[in-house]
Undergrad: 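Structure in structure tokens, see below.
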Amino acid sequence: VQNYVRTFQWEKAIVLQHEQEENVDEAMEGTIHLLYGRRHEAIRSFLNAGGQDNQAWPLLSEMADLEEAVRRLRRRVEDE
């Protein structure tokens, strides 16, 4: 699993975690959802990753930063 994570093959890492019945890395799964435009699923994964101790806020903040970066990139592509 760690080899997949180190090489940014997160989808393969998640599949392997499911196959090995390990705890799935919710933050990584949330990032994958976000990359595919599945905002609701990303938020749910980040909240699950954060648990009860409000650790989700940094993940949600990063999500907002990523969304803004994607919007800027789309505008650049559309302007060209």
Side-chain angles (χ1 to χ4, degrees):
V1 172
Q2 289 304 313
N3 288 334
Y4 286 137
V5 172
R6 283 189 209 112
T7 58
F8 301 101
Q9 298 180 54
W10 298 332
E11 290 171 319
K12 290 181 181 179
I14 294 291
V15 168
L16 189 57
Q17 285 178 342
H18 280 292
E19 287 175 357
Q20 294 177 349
E21 298 182 18
E22 292 182 16
N23 290 332
V24 174
D25 184 332
E26 295 279 351
M28 184 169 45
E29 191 170 59
T31 302
I32 292 168
H33 286 309
L34 189 60
L35 290 172
Y36 283 103
R38 298 184 299 250
R39 191 172 195 272
H40 179 76
E41 291 87 348
I43 291 170
R44 188 173 348 141
S45 292
F46 290 148
L47 289 173
N48 287 336
Q52 299 296 322
D53 54 359
N54 293 325
Q55 294 298 315
W57 292 117
L59 296 169
L60 294 173
S61 176
E62 288 177 26
M63 186 178 104
D65 293 342
L66 283 171
E67 287 178 327
E68 180 58 30
V70 167
R71 277 193 288 276
R72 279 185 269 141
L73 184 59
R74 283 184 181 154
R75 273 183 264 166
R76 278 191 215 156
V77 169
E78 290 171 356
D79 289 344
E80 291 179 3

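It should be emphasised that the depicted structure is a prediction, and the values quoted were computed from it without experimental measurement. Only this structure's heavy atoms are used, side chains among them; waters, hydrogens and symmetry mates stay out.
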Undergrad: Under the salt bridge (charged side-chain N to carboxylate O under 4.0 Å, His left out) rule, collect the residues that match up with Arg6, sequence neighbours excluded.
TA: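 Per chain and number, Arg6 pairs via salt bridge (charged side-chain N to carboxylate O under 4.0 Å, His left out) with no residue.
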Undergrad: Donor-acceptor pairs are to be reported for all side-chain atoms of residues 41-51 against protein atoms at under 3.5 Å, with residues two or more places apart or in another chain.
TA:
residue : atom : partner : partner atom : Å
Arg44   : NH2  : His40   : NE2          : 3.4
Ser45   : OG   : Glu41   : O            : 3.2
Asn48   : ND2  : Arg44   : O            : 3.4

Undergrad: Return the minimal non-hydrogen interatomic distance between Trp10 and Thr31, and the atom names on each side.
TA: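 Taking Trp10 first and Thr31 second, the nearest heavy atoms are CZ3-CG2, 3.5 Å.
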Undergrad: Would a single hydrophobic cluster contain both Ile32 and Val70, if residues Ile, Leu, Val, Met, Phe, Trp and Tyr are joined by side-chain heavy-atom contacts under 4.5 Å?
TA: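 Different clusters.
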Undergrad: Write out all pairs satisfying salt bridge (charged side-chain N to carboxylate O under 4.0 Å, His left out) with one or both partners inside residues 59-68, taking only residues at least two apart or from two chains.
TA: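 Salt bridge (charged side-chain N to carboxylate O under 4.0 Å, His left out) check on residues 59-68 returns Arg39-Glu67, Glu68-Arg71, Glu68-Arg72, Glu68-Arg75.
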Undergrad: Examine Met28 and Phe8 and state if one hydrophobic cluster contains both, with Ile, Leu, Val, Met, Phe, Trp and Tyr joined whenever side-chain heavy atoms are less than 4.5 Å apart.
TA: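 Linked within one cluster.
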Undergrad: Which pairs of donor and acceptor atoms, one on a side chain in residues 11-18, lie under 3.5 Å apart (sequence neighbours left out)?
TA:
residue : atom : partner : partner atom : Å
Glu11   : OE2  : Tyr36   : OH           : 2.8
Lys12   : NZ   : Gln9    : OE1          : 3.2
Gln17   : OE1  : Asp25   : N            : 3.0

